S.K.: 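Okay, here's the structure, questions in a sec.
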Amino acid sequence: MTVMPELPEVENICRGLTDTVVGSMVNRVTIRRVDIVRGSSRPADLLRGQTFTRIDRLGKQFALIGQTLVHKGSLNKEACVCLHLGMTGSLRFYPPGEPYRPDGHTHVVWHLTDGGRLAFRDPRRFGGLWTFDSVTTLTETRWSKLGEDALTITPARLHMKLKRTRRPIKSALLDQATLAGLGNIYVDELLFGCRLHPLYPGHEVTREETQLLVRKMRALLTRAIALGGSTLKDYVDTSGRSGGFQRVHKVYGRSGQACPRCGLPLVRIAVAGRTTVFCEDCQASVMSRSERVAKDY
DNA sequence: CCTTAATCCTGGAAGC
DNA sequence: TGCTTCCAGGATTAAG
């Protein structure tokens with residue numbers, strides 16, 4: 001089973017990058033597929049000649065931040081590359097001396113002066129890469145459209161967002177403008193953990209239910225990070241390393257199978273065009289209108 | 001303004 | 001066995 005890069009996977013990639021490439025200098029950048037660099041970015045400037053100073057993350061997106069020493073110790077020219085892995089994207093670090101063979105899906109390779117390499121690979125190319133002249137520009141022009149990070153958002157802030165939408169809670173939680181980091185897998189797992197119906201309208205979610213959501217969400221994500229972290233060594237990638245990383249899905253991908261809580265068959269519907277699996281019995285805590293909608297399926 | 005639907009893309013699974 | 005069809009997913013864009 002493929003590992004989808006949601007927040008926990010991305011967080012582990014960032015930690016891996018911090019341990020491996022931060023401090024290294026980029027000697028050369030190979031762009032094997034130009035259109036993987038999105039927007040008006042100039043592909044030639046993907047931190048070439050710069051030193052990785054920091055890795056930032058917001059939700060599922062993260063940024064490689066580099067600096068160039070223009071004058072000795074006085075003026076630093078900053079730049080950064082924002083990455084989004086989409087569905088099948090991965091970033092893998094090859095230590096100096098380790099052979100690597102780029103295939104047709106390896107789109108960008110950073111060659112470091114110490115001989116290490118960093119390779120971005122994405123078969124389906126839902127992912128991409130954006131360049132900015134500073135972290136501030138990235139934050140103001142791109143990350144400003146995202147909600148708060150799923151790991152740090154407070155119940156009060158989430159409740160504020162949910163209150164003003166009539167969309168199903170699942171749609172709202174998938175929307176990165178509501179909060180950043182959740183994907184289809186974790187949303188289904190989270191709603192099951194909170195016993196909330198996926199079609200429950202956002203504005204009907206109570207303060208108490210939002211508190212439960214945030215509490216469960218933090219626990220879920222933290223646990224997933226810990227599980228993924230145990231497999232990290234030299235590699236910055238999570239796909240292709242299955243050892244020890246079997247995520248325990250209670251509902252995702254288990255439609256028709258027994259609900260782990262009550263034993264009834266899990267049901268599969270479509271919400272916001274996404275496959276949604278849940279337990280009609282355990283997650284029946286919907287009110288009036290939405291309950292009728294749910295029953296229509 | 002709010003919400004939904006189509007679009008992108010490829011590999012793997014399922015169907016004939 | 002080999003071919004075709006369908007499906008999975010996140011974010012952007014267009015349309016309702």
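Predicted model, so just to flag it, every value in this text is computed and none were measured. Chain letters run A, B, ... following the sequence lines, proteins first, then strands; residues in each count from 1.
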S.K.: Out of the candidates A:Thr137, A:Leu138, A:Leu47, A:Leu46, only one should pair with A:Thr131 under the side chain to side chain contact (heavy atoms under 4.5 Å, CB included) rule; please name it.
M.R.: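 Exactly one candidate clears the test, A:Leu46.
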S.K.: Quick one about A:Glu209 and A:Thr206 (side-chain donor to acceptor, distance below 3.5 Å, no hydrogens or angles considered), yes or no?
M.R.: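 Result is yes, a qualifying pair exists.
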S.K.: Please check: side-chain N/O of A:His249 versus main-chain N/O of A:Val251, any donor-acceptor pairing under 3.5 Å?
M.R.: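 It does not hold such a pair.
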S.K.: Is the terminal nitrogen or CZ of A:Arg117 (NZ for Lys, CZ for Arg) located under 6.0 angstrom from the six-membered ring centre of A:Trp110 and within 45° of that ring's axis?
M.R.: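 Judged by the rule, A:Arg117 and A:Trp110 form no cation-pi pair.
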S.K.: For atom CZ of A:Arg218, is the number of surrounding heavy atoms from other residues, nucleotides or ligands below 6.0 Å larger than 12?
M.R.: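 It does: A:Arg218 CZ has more than 12 such atoms within range.
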S.K.: Would you check if there is a donor-acceptor pair between the side chains of A:Thr53 and A:Gln67 at a distance under 3.5 Å?
M.R.: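 Per modelled atom types, A:Gln67 and A:Thr53 side chains form no pair under 3.5 Å.
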S.K.: Step through the shown structure and confirm whether more than 12 heavy atoms of other residues, nucleotides or ligands are within 6.0 Å of CZ on A:Arg157.
M.R.: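 Not more than 12 within 6.0 Å, no.
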S.K.: What range of DNA chain C does chain A touch, first nucleotide to last, counting atoms under 4.0 Å from its heavy atoms?
M.R.: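 It runs C:dA8 to C:dT12.
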S.K.: Describe the nucleic acid contact of A:Arg121 in one word from base, sugar-phosphate, nothing, applying a heavy-atom distance below 4.0 Å.
M.R.: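 It contacts nothing in the nucleic acid.
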S.K.: Return a single string for nucleotides 2-7 of chain B, one symbol per nucleotide in 5' to 3' order, where B is base contact, S is sugar-phosphate-only contact and - is none, cutoff 4.0 angstrom on heavy atoms.
M.R.: -SS---
S.K.: Between the axis at one end of the helix from B:dC2-C:dG16 to B:dC16-C:dG2 and the axis at the other (five pairs apiece), what's the angle to 10 degrees?
M.R.: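 The helix from B:dC2-C:dG16 to B:dC16-C:dG2 shows an end-to-end axis angle of 60°.
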S.K.: Centre of A:Phe278's six-membered ring, under 6.0 Å away, within 45 degrees of the axis: is that where NZ or CZ of A:Arg195 sits?
M.R.: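 Because its charged atom misses either the 6.0 Å distance or the 45° angle limit, A:Arg195 does not stack over A:Phe278.
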S.K.: Where each residue is assigned the nucleotide of DNA chain C containing its nearest heavy atom, which of A:Gln176 and A:Arg268 is assigned the position nearer the 5′ end?
M.R.: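 Nearer the 5' end of the strand: A:Arg268.
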S.K.: Check the angle between the aromatic planes of A:Tyr100 and A:His111 and answer parallel, tilted or perpendicular using the 30° and 60° thresholds.
M.R.: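 Rings of A:Tyr100 and A:His111: perpendicular, over 60°.
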S.K.: According to a 4.5 Å side-chain heavy-atom criterion applied to Ile, Leu, Val, Met, Phe, Trp and Tyr, with indirect links allowed, do A:Leu179 and A:Leu151 form part of one hydrophobic cluster?
M.R.: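 As far as the 4.5 Å side-chain criterion goes, A:Leu151 and A:Leu179 are connected within one cluster.
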